[in-house]
Amino acid sequence: MNSIPIPHPSASLSRDLQSHASSPILVHSLHESRSSVLSLAANEDYIFSGSQNRDISVWDKKTFQLKSILRGHTGSVLCLEYAPKEKWLFSSSGDSTVRVWSTETLQPLYLIYPYMGDGAGDLFSLVWSSALQTIYVGCQNTSLQWYHFQDTVSKTSPSSSFVEGSASGTSTPTATSLRKAHKFFDSYPQYERKPADIYAKNSAGRLPGRGSPDSDRSDVTAPGEYLDIPPSNVIDPAHYGYVYCMAIITEGDRGIHLATGSGDETVKLWSCDTQAPTFVHEFECNHGAVLALVAEGDTIYAGCQDGYVRVFDLETKTLVRTIIVQEGVDIIAMSMLKSDLYTCSADGSVKRWSASFDCTASWQAHQGIVLSSIITKRNGSDDSGFCLISGGNDEYIKVWEVAPPKLRIRLDDDRDINQSDNNSCIGFGTYFDTMVYALSKFVSIPSISSDISHKEDCRQSAIWLKKCLGQLGAHTSLLASEDNNHVVLATFTGSVGDNPKPRILFYGHYDVIPAPSDGWHSDPFTLTGRNGYLYGRGVTDNKGPIIAAACAVADLLSRRALEVDLVFLIEGEEECGSKGFRDIVQKHKAAIGNIDAILVSNSTWIADDRPCITYGLRGVVHCGVTIKNDGPDVHSGIEGGAVAEPMVDMVRLLSTLIDSNRVVQIPGFYEQVRPQTEDEKELYKLLSEVTQKPASLLSSRWREPSLTIHNVEISGPKNSTVIPGTVEAQLSLRIVPDQDLDTIVKSLREHLQTTFDNLHSPNTLQITVNHTADWWLGNLDDHWFKSLESAVREEWGTEPLRIREGGSIPSVPCLEKEFGCHALHLPMGQSSDQAHLPDERISLANLQKGKAVIERFLLKVAYKNSFESTS
């Protein structure tokens with residue numbers, strides 16, 4: 001019988017905070033007859049809409065009546081940009097021209113030709129800098145072009161364009177100068193070797209369209225002046241794709257910057273303090289073409305083709321967040337009102353996102369694609385409120401009443417409120433809410449690695465985690481393996497600076513053990529809060545600590561305080577012995593990069609009321625022993641006493657492994673065990689007082705080797721009358737410093753084989769070493785450990801206990817050897833967290849303080865690095 005598949009949660013970390021009253025009210029609808037609304041702009045009096053039918057409609061803001069139509073373009077009006085100080089309206093088109101209109105007289109002022117004319121292709125984007133008196137143009141041919149209006153105006157003068165006796169020298173258009181010569185339609189036959197001009201005798205063949213400004217439009221008023229963008233005002237290519245969108249960012253003392261978004265999936269930042277834009281930085285979006293850009297302060301929001309919004313901080317040059325609007329649905333336009341972001345999508349929907357990246361409104365704005373949007377004052381006056389105007393391919397312009405967000409004060413532990421306000425690049429919000437919300441989704445995926453029926457759940461868990469970490473600001477990928485579950489690689493990049501940053505690897509695992517319903521008081525795969533604890537499979541081992549660490553680094557990113565690179569490496573088979581993990585790490589070591597330290601949070605405290613730091617783990621050897629004969633299972637009443645029974649051999653063999661005092665009898669087993677120091681004895685004495693357990697018990701659990709026989713299985717029907725032909729036993733060894741793993745494995749094999757041979761049994765012995773992991777001991781004297789210990793002390797207000805664990809985490813010594821650095825282990829949960837047991841839980845306080853400890857640790861490491869770099 002097939003089990004019913006469990007639906008996997010949405011990847012979005014944005015909470016749905018909508019209410020019935022949250023969607024904006026539709027104030028008015030304007031119908032753009034038989035044409036899509038491609039672009040919008042507005043001033044105090046008018047709404048301007050650029051359409052596919054080549055015209056610009058002018059709507060009265062108060063009466064919503066059509067005031068005028070601006071004609072001149074011969075291609076779709078792709079972008080509109082309003083210059084409030086100059087009272088100009090810029091329009092760009094598929095006809096490869098930019099036109100400038102007076103918003104007072106509604107008459108054309110200038111016609112600007114890009115460099116290369118219509119070779120520049122469609123002019124997708126415009127942005128105006130009043131301070132620089134410059135219009136920037138994003139082109140289909142991947143170039144970025146600009147025109148300085150403060151320069152001496154460059155006028156084209158085809159034939160006689162100056163009227164004799166004109167004192168001003170202003171170019172006065174005549175019947176023959178309404179347009180510029182077209183390189184194709186106004187060309188001579190090739191054999192005549194003459195440049196194109198408007199007197200070429202092939203005008204009868206000219207077709208109306210994007211390449212011939214003003215052609216076939218007898219009702220068009222000629223612009224006052226014709227301007228050329230000179231070759232010196234071109235960056236070609238600016239991108240390796242169409243330049244779809246642009247935004248101007250004024251950063252106070254840091255000057256004016258231009259951001260450009262392109263079909264090459266990048267956003268580029270340019271400094272505009274000189275005559276020509278100078279390249280500063282490139283942000284990779286990796287979610288399809290960047291179709292929309294908005295900027296608020298020094299934060300850029302990039303709307304991408306596949307439904308993602310990337311959020312970049314200009315000061316630190318880092319990705320700080322990703323919003324999943326709707327996967328696979330293009331984001332065509334975006335607008336901002338204070339800290340509220342409005343996204344307009346190809347499915348006709350508009351969504352509003354708060355400063356904490358939660359969805360506060362979502363509605364169907366158009367019956368088709370939303371192609372454009374702007375935010376403007378309702379009717380020009382300061383107290384009139386705001387409206388969002390959207391345009392779609394359903395021929396409608398919609399006017400929505402919107403309000404700016406209310407100021408939210410961020411309270412986060414004892415952090416200074418004013419400091420948070422000044423330093424945050426993404427507004428107000430709390431990562432504690434995000435942490436619990438994300439954990440609820442993470443826990444809902446039953447990623448049980450030991451059960452083949454949950455193989456797809458493990459894959460979906462890896463995919464979800466990749467998207468989760470990506471939304472929090474990481475660059476993410478999946479390290480795939482044919483035979484094993486995916487490993488999630490996510491890199492949070494610290495602020496860009498002159499000095500190299502420390503790179504810390506955070507290791508964890510997203511897989512969990514099974515959770516039979518017996519003993520649980522709530523669904524193990526539904527996060528449930530009771531009495532200050534969160535219950536669910538994996539909350540303490542290891543999904544909770546992973547999410548806490550991710551939210552810690554995301555919080556630092558938002559506060560511009562991340563001065564290290566944190567690389568998350570999260571595997572999906574730790575509960576099965578980390579099969580294939582070493583091979584994946586070695587294969588993708590270049591992608592992971594150089595690592596200076598390893599941070600792990602995959603265990604619990606020794607008690608419930610005292611924070612700890614783990615500095616040691618025992619290693620492990622898992623071994624299978626099989627003894628069998630050549631025949632089948634037989635009846636004991638017939639063959640008993642006549643055959644050499646495999647079970648008897650197994651009992652005799654296992655009895656030689658350990659004596660009555662629990663001393664392992666493998667030769668040389670204890671020879672390399674590191675003696676206990678006086679400092680350790682004092683530590684165990686302290687821990688004995690805390691735990692109310694004998695120091696000898698703690699020592700035997702943590703720093704002494706051991707042997708365990710786990711089970712014995714037999715073939716056949718398993719009743720008391722059958723002599724089994726095959727007997728299998730599973731045993732394990734726990735090893736400690738300074739035992740050599742390979743030597744111990746060899747000694748175990750030799751002891752089992754020699755002992756069995758001495759039995760002179762006709763049966764056969766098979767020894768299988770299923771899994772090994774080396775012991776690990778941290779360095780208590782290096783600055784990494786001291787920084788972590790100090791962070792725990794400051795956050796919890798008490799000295800943390802130094803403890804060791806009797807269990808093993810195979811990947812920790814493996815990672816140390818691969819990257820040649822030390823590991824640190826920060827337990828986040830309490831001893832009563834029930835890891836691997838029913839009612840697994842983690843305290844909300846421990847989760848929150850665990851996040852804060854990681855923040856403090858990263859800040860301390862960064863400060864030490866900065867101090868060493870300057871000294």
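Remember, predicted model here, so these are calculated numbers, not experimental data. Scope of the values below: all heavy atoms of this structure, side chains included, with no hydrogens, waters or symmetry mates.
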TODO: Hey, could you give me the CD1/OG distance between Ile56 and Ser93, rounded to the nearest 0.5 Å?
DONE: 8.5 Å
Task: Phe525 vs Arg537 side-chain heavy atoms within contact, under 4.5 Å - done: yes
Open item on the list: Is a donor from one side chain sitting under 3.5 angstrom from an acceptor on the other, for Trp363 and Ser349?
Closed with: no
Task: Donor-acceptor contact present, side-chain Ser14 to main-chain Cys359, <3.5 Å - done: no
- [ ] Using ring-ring contact (aromatic ring centres under 6.0 Å, His included) as the criterion, list what pairs up with Tyr242, not counting sequence neighbours.
- [x] Phe124, Tyr244
Task: Smallest separation among heavy atoms of Ser461 and Tyr510, with atom names - done: OG-CD1, 3.5 Å
- [ ] Heavy atoms only: give me the nearest Gly94-Leu78 pair and the separation to one decimal.
- [x] N-CD1, 3.9 Å
TODO: Could you tell me which residues satisfy side chain to side chain contact (heavy atoms under 4.5 Å, CB included) with Ala490, sequence neighbours excluded, listed by chain and number?
DONE: Leu469, Ala474, Thr476, Phe568
Task: Modelled atom types, side-chain donor and acceptor of Trp270 and Thr260, under 3.5 Å - done: yes
Task: Ser354 side-chain N/O to Asp358 backbone N/O, donor-acceptor pair under 3.5 Å - done: yes
Task: Partner of Arg560 by side-chain hydrogen bond (donor to acceptor under 3.5 Å, both in side chains), out of Asp313, Thr316, Thr318 - done: Asp313
Task: Donor-acceptor contact below 3.5 Å, side chain Asn393 vs main chain Ile369 - done: yes
TODO: Would you check if the side chain of Thr322 reaches a backbone N or O of Gly470 as a donor-acceptor pair within less than 3.5 Å?
DONE: yes
Task: Set of salt bridge (charged side-chain N to carboxylate O under 4.0 Å, His left out) partners for Arg310, sequence neighbours left out - done: none
Task: Carboxylate-amine/guanidinium contact Lys377 Glu44, below 4.0 Å - done: no
Open item on the list: So which atom in Gln460 and which in Ile445 form the shortest heavy-atom distance, rounded to 0.1 Å?
Closed with: O-CD1, 4.2 Å
- [ ] Keeping the roles fixed (side chain from Asp60, backbone from Thr63), state whether a donor-acceptor pair exists under 3.5 Å.
- [x] yes
Task: Residue pair Lys398 / Leu26, side-chain heavy-atom distance below 4.5 Å - done: yes
Open item on the list: Could you work out, with side chain to side chain donor-acceptor pair (under 3.5 Å) as the rule, every residue matching His486, not counting sequence neighbours?
Closed with: none
TODO: Please check if any side-chain donor atom of Tyr396 sits under 3.5 Å from a side-chain acceptor atom of Gln367, or the reverse.
DONE: no
TODO: Would you give the length of the straight line joining atom CG of Asn53 to atom OG of Ser36, rounded to the nearest 0.5 angstrom?
DONE: 9.5 Å
- [ ] Spell out, as yes or no, whether a donor-acceptor pair under 3.5 Å connects the side chain of Lys466 to the backbone of Leu478.
- [x] no
- [ ] May I ask you to say whether Asp45 pairs ionically with Lys61, meaning some side-chain N is under 4.0 Å from a carboxylate O?
- [x] no
Task: Thr97 to Pro114 - nearest heavy-atom pair and separation - done: CA-CD, 4.4 Å
Task: Lys467/Glu327 salt bridge by N-O under 4.0 Å criterion - done: yes
TODO: Measure from the side-chain N and O atoms of Ser262 to the backbone N and O of Gly241, and report whether any donor-acceptor pair falls under 3.5 Å.
DONE: yes
- [ ] Show the numbers, then the answer: is there a side chain to side chain contact (heavy atoms under 4.5 Å, CB included) between Ile248 and Ser129?
- [x] CA-CA 7 Å; Ile248 282 286; Ser129 171; 4.2 Å; yes
Task: Nearest heavy-atom neighbours spanning Asp347 and Gln364 - done: O-NE2, 2.8 Å
Open item on the list: Taking Leu13's backbone N and O only, do any of them form a donor-acceptor pair with Gln471's side chain (distance below 3.5 Å, no angle check)?
Closed with: yes
Return all side-chain donor-acceptor pairs below 3.5 angstrom for residues 281-291, not counting sequence neighbours, or 'none' if the list is empty.
| unit_1 | atom_1 | unit_2 | atom_2 | d |
| --- | --- | --- | --- | --- |
| His287 | ND1 | Asp306 | OD2 | 3.2 |

Task: Set of side chain to side chain contact (heavy atoms under 4.5 Å, CB included) partners for Ser373, sequence neighbours left out - done: Ala333, Ser335, Cys344, Leu388
- [ ] Could you tell me which residues satisfy ring-ring contact (aromatic ring centres under 6.0 Å, His included) with Phe64, sequence neighbours excluded, listed by chain and number?
- [x] His28
Open item on the list: Could you go through Thr343 and Trp353, starting from their C-alpha distance and side-chain angles, then the distance that decides it, and tell me whether this counts as side chain to side chain donor-acceptor pair (under 3.5 Å)?
Closed with: CA-CA 8 Å; Thr343 57; Trp353 307 87; 3.1 Å; yes
Open item on the list: Going by the rule side chain to side chain donor-acceptor pair (under 3.5 Å), which residues pair with Ser345 if we only count those two or more places apart in sequence or in a different chain?
Closed with: none
Open item on the list: Do Ser447 and His454 pair up side chain to side chain, a donor and an acceptor below 3.5 Å, judged on atom types alone?
Closed with: no
Task: All side chain to side chain donor-acceptor pair (under 3.5 Å) counterparts of Glu32, not counting sequence neighbours - done: Ser49, Ser57
Open item on the list: Could you work out, with ring-ring contact (aromatic ring centres under 6.0 Å, His included) as the rule, every residue matching Trp128, not counting sequence neighbours?
Closed with: Trp88, Phe90, Phe149
TODO: Check Ser92 against Val98 and note the closest heavy-atom contact, atom names and distance.
DONE: CB-CG2, 4.2 Å
Task: Over 12 non-hydrogen atoms of neighbours within 6.0 angstrom of NZ in Lys62 - done: no
Open item on the list: For a quick check under 3.5 Å, do Ser91 and Trp101 share a side-chain donor-acceptor pair by atom type?
Closed with: yes
Task: Test item: side-chain donor near acceptor, Thr528 and Thr526, under 3.5 Å - done: no
Open item on the list: Could you go through Phe357 and Thr434, starting from their C-alpha distance and side-chain angles, then the distance that decides it, and tell me whether this counts as side chain to side chain contact (heavy atoms under 4.5 Å, CB included)?
Closed with: CA-CA 9 Å; Phe357 307 109; Thr434 300; over 6 Å; no
TODO: Drop me the distance from Lys268's NZ to Leu144's CG, to the nearest 0.5 angstrom.
DONE: 10.0 Å
Task: From NE2 (His366) to OG (Ser29), nearest 0.5 Å - done: 8.0 Å
- [ ] Give a yes or no answer on whether the side chain of Gln18 reaches the backbone of Ala361 with a donor-acceptor pair at less than 3.5 Å.
- [x] no
Open item on the list: Please determine whether side chain to side chain donor-acceptor pair (under 3.5 Å) holds for the pair Ser12 and Ser10, giving the CA-CA distance in whole Å, both sets of side-chain angles, and the decisive distance to 0.1 Å.
Closed with: CA-CA 6 Å; Ser12 176; Ser10 161; 4.9 Å; no
- [ ] Please name all residues satisfying side chain to side chain contact (heavy atoms under 4.5 Å, CB included) with Ser440, sequence neighbours left out, ordered by chain then number.
- [x] Tyr437, Leu527
Task: Qualifying residues under side chain to side chain donor-acceptor pair (under 3.5 Å), relative to Trp464, sequence neighbours excluded - done: none
Open item on the list: For the CG atom of Asp330 and the CD atom of Gln305, what is their distance to the nearest 0.5 Å?
Closed with: 5.0 Å
Task: Inter-residue atom distance Ile300.CD1 - Leu319.CG, 0.5 Å rounding - done: 11.5 Å
Open item on the list: Go through it in stages, so that I can follow the logic: the residues are Val539 and Lys543, the test is side chain to side chain contact (heavy atoms under 4.5 Å, CB included), and I'd like the CA-CA distance, side-chain angles, deciding distance and then a yes or no.
Closed with: CA-CA 5 Å; Val539 288; Lys543 293 181 176 182; over 6 Å; no
Open item on the list: Please check: side-chain N/O of Gln140 versus main-chain N/O of Asp122, any donor-acceptor pairing under 3.5 Å?
Closed with: yes
